[in-house]
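All chains are named by letter (A, B, ...) in the order of the sequence lines, taking the proteins before the strands, and each is independently numbered beginning at 1. Keep in mind it's a predicted model, so treat the numbers as computed, not measured.
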Protein chains: 2
Amino acid sequence: MPGLTQRQLKAQETKKRILDTALALFGEKGFDHVTVDEITAKSETSKGAFYVHFNSKYDIFLEKFKEIDEFYADFMETLPKEMKSYGKISLLVKSQMVYLRDSLGKDLLRTVYVSALIPNKSDYFSNMERQLYKLVYKIVEEGQIAGEIKEDRSPGELTMVITRCMRGTLYDWQLFDHFDLVLEGEKFIQAILEGIQKEI
Amino acid sequence: MPGLTQRQLKAQETKKRILDTALALFGEKGFDHVTVDEITAKSETSKGAFYVHFNSKYDIFLEKFKEIDEFYADFMETLPKEMKSYGKISLLVKSQMVYLRDSLGKDLLRTVYVSALIPNKSDYFSNMERQLYKLVYKIVEEGQIAGEIKEDRSPGELTMVITRCMRGTLYDWQLFDHFDLVLEGEKFIQAILEGIQKEI
DNA sequence: AAATTTCAAAGACTACAGTCAAAAACCGTG
DNA sequence: CACGGTTTTTGACTGTAGTCTTTGAAATTT
């Protein structure tokens, strides 16, 4: 790996210092109560340095979201082969919700859902969901071949419907207080699954 | 109505001038490309006046959203009594999407979906959706009584699922380019309806 | 090893939403 | 109609994200 010049090494170190400081501060005080100036002061860098390494305050999270791919990889591995396709989808939704709730947290996720709607911001969703999309597509496709899922909709369409369920639930998590993310996720996906699975 | 003093009248006039100017500018250049200073300059008022009449830049829309209740009222009236409950829901979703697309527009709706996620902003959704919620609840409840809709979920739960579909679809409208709101809304609600309606 | 180029880092500066204390316009009452 | 109180209006001010020009040290070329 390291064919890095001294300069690149130093830059990388600066980036890491900013990142760690920022995440620590966000954890302490919440995203909106931390200013960029505060981050640069505490990390002993400068505003200029911050914006060399990150395109915006939101961008800090892109790094964090790389972890999500590990989650999907893990999930894929531990998924029992013999499970029915709707069982797999149901399990995926549940695991995803538990993961997002416990490992990323509501505040972090909120910033994603906000920034995805703001023009000119990096596109977190495509980063975050490309893997998810593939995973669901695969399950649906296999489910249709195995005759467990109706074939009146294409795998692409069904994937869209299923992932939209997740986004809708995650959005509502932000909207409502006392919202049980995992429970609501299950209820919602259950309703969809009943509509798309073949009768026995 | 007018037991208004000259002062109250003038204030009302100022508010209207700000509102009209703002909406015109938003229409021209899009929400993010209009500044509050620009609005106050063009409406020949001041920043102070603006913030007396509106709590934030987003708040301008609250006024616009009052129109939504008229839409629901109209819908309720023109809804054929003899229609099946899932036909009603399907029609509601379709009309709603057409209305939001054509009368409010994507940009305006985006600001709602953003501001709903930002703490301390007025709660547009509860304004916007209280009527919707009631309407759906009523249809679902009647559907269950008429034996058209499964009774394994409460009307409240089903209402939540159905309105969440709408929110999910509207959110995705913002997210993806070349997204046919009406078509996608129909597809999504269709999938849900197949899951919740009783077999014949 | 001197000259030139590159690029991270610095921090002053801009743009803009939102605040606030003071002024102006208006109202009712003696 | 003058005066004390009330509401509207004003614009200077604040806070913060993000930009831009400048600086200096490391890398590269001669």
Chemist: Who passes side chain to side chain donor-acceptor pair (under 3.5 Å) against A:Asp180, sequence neighbours left out?
Modeler: none
Chemist: Tell me the interatomic distance from A:Glu38, atom CD, to D:dG15, atom C1', rounded to whole angstroms.
Modeler: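 Checked: the CD to C1' distance equals 13 Å.
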Chemist: Determine the contact category for A:His33: base if any of its heavy atoms lies under 4.0 Å from a base atom, sugar-phosphate if only primed atoms, P, OP1 or OP2 are that close, otherwise nothing.
Modeler: nothing
Chemist: Who are the side chain to side chain donor-acceptor pair (under 3.5 Å) partners of A:Lys29, not counting sequence neighbours?
Modeler: A:Glu38
Chemist: Within the pair B:His53 and D:dT8, is there a side-chain N or O less than 4.0 Å away from OP1 or OP2?
Modeler: no
Chemist: With B:Asp74, which residues qualify under side chain to side chain donor-acceptor pair (under 3.5 Å), at least two apart?
Modeler: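 Applying side chain to side chain donor-acceptor pair (under 3.5 Å) to B:Asp74 gives none.
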Chemist: Thinking salt bridges, do B:Glu44 and B:Arg17 make one under a 4.0 Å N-O criterion?
Modeler: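 Looking at B:Arg17 together with B:Glu44, the answer is no, because their closest N to O distance does not fall below 4.0 Å.
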Chemist: If you take any heavy atom closer than 4.0 Å to DNA chain C, which residues from residues 11-26 of chain A end up in contact?
Modeler: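 By residue number: A:Ala11, A:Thr14.
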Chemist: Apply side chain to side chain donor-acceptor pair (under 3.5 Å) to A:Lys47 and list each qualifying residue two or more places apart in sequence or on a separate chain.
Modeler: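 In terms of side chain to side chain donor-acceptor pair (under 3.5 Å), with neighbours along the sequence ignored, A:Lys47 is linked to A:Asp37.
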Chemist: Can you give one letter per nucleotide of nucleotides 18-30 of chain D, 5' to 3': B if a protein heavy atom sits under 4.0 Å from the base, S if only from the sugar-phosphate, - if neither?
Modeler: BB-----BBS---
Chemist: Taking only residues two or more places apart in sequence or in another chain, which ones pass side-chain contact (heavy atoms from CB on, under 4.5 Å) with A:Lys106?
Modeler: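 With neighbours one apart ignored, the set is A:Trp173, A:Gln174.
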Chemist: Listed by chain and number, what are the side-chain contact (heavy atoms from CB on, under 4.5 Å) partners of A:Val52, not counting sequence neighbours?
Modeler: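 Applying side-chain contact (heavy atoms from CB on, under 4.5 Å) to A:Val52 gives none.
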Chemist: Nearest heavy atom decides the nucleotide; on that basis, is B:Lys10 or B:Val34 closer to the 5' end of DNA chain C?
Modeler: B:Val34
Chemist: Under 3.5 Å for both pairing distances: what stems, at least three Watson-Crick or G-U pairs long, include DNA chain C?
Modeler: C:1-30 with D:1-30
Chemist: Donor-acceptor pair, B:Glu157 side chain versus B:Ser154 backbone, under 3.5 Å?
Modeler: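 Pair found, side chain donor or acceptor close to backbone of B:Ser154.
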Chemist: Which side-chain N or O atoms in residues 89-103 of chain A pair as donor and acceptor under 3.5 Å with protein atoms at least two apart or in another chain?
Modeler:
residue	atom	partner	partner atom	Å
A:Ser95	OG	A:Leu91	O	2.7
A:Gln96	OE1	A:Tyr72	OH	3.2
A:Gln96	NE2	A:Tyr72	OH	3.3

Chemist: Round to a whole Å and report the spacing from CG of B:Leu9 to C1' of D:dT7.
Modeler: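 Interatomic distance, CG of B:Leu9 to C1' of D:dT7: 14 Å.
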Chemist: Taking atom C1' of C:dG18 as reference, at what distance in whole Å does atom CD1 of B:Ile39 sit?
Modeler: 13 Å
Chemist: Of all residues at least two apart in sequence or in a different chain, which pass the side-chain contact (heavy atoms from CB on, under 4.5 Å) check with A:Glu70?
Modeler: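 For A:Glu70 there are no side-chain contact (heavy atoms from CB on, under 4.5 Å) partners, ignoring immediate neighbours.
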Chemist: Which residues pass the side-chain contact (heavy atoms from CB on, under 4.5 Å) test with B:Glu63, sequence neighbours left out?
Modeler: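 Only B:Lys15, B:Leu19, B:Phe54, B:Lys66 meet the side-chain contact (heavy atoms from CB on, under 4.5 Å) criterion with B:Glu63.
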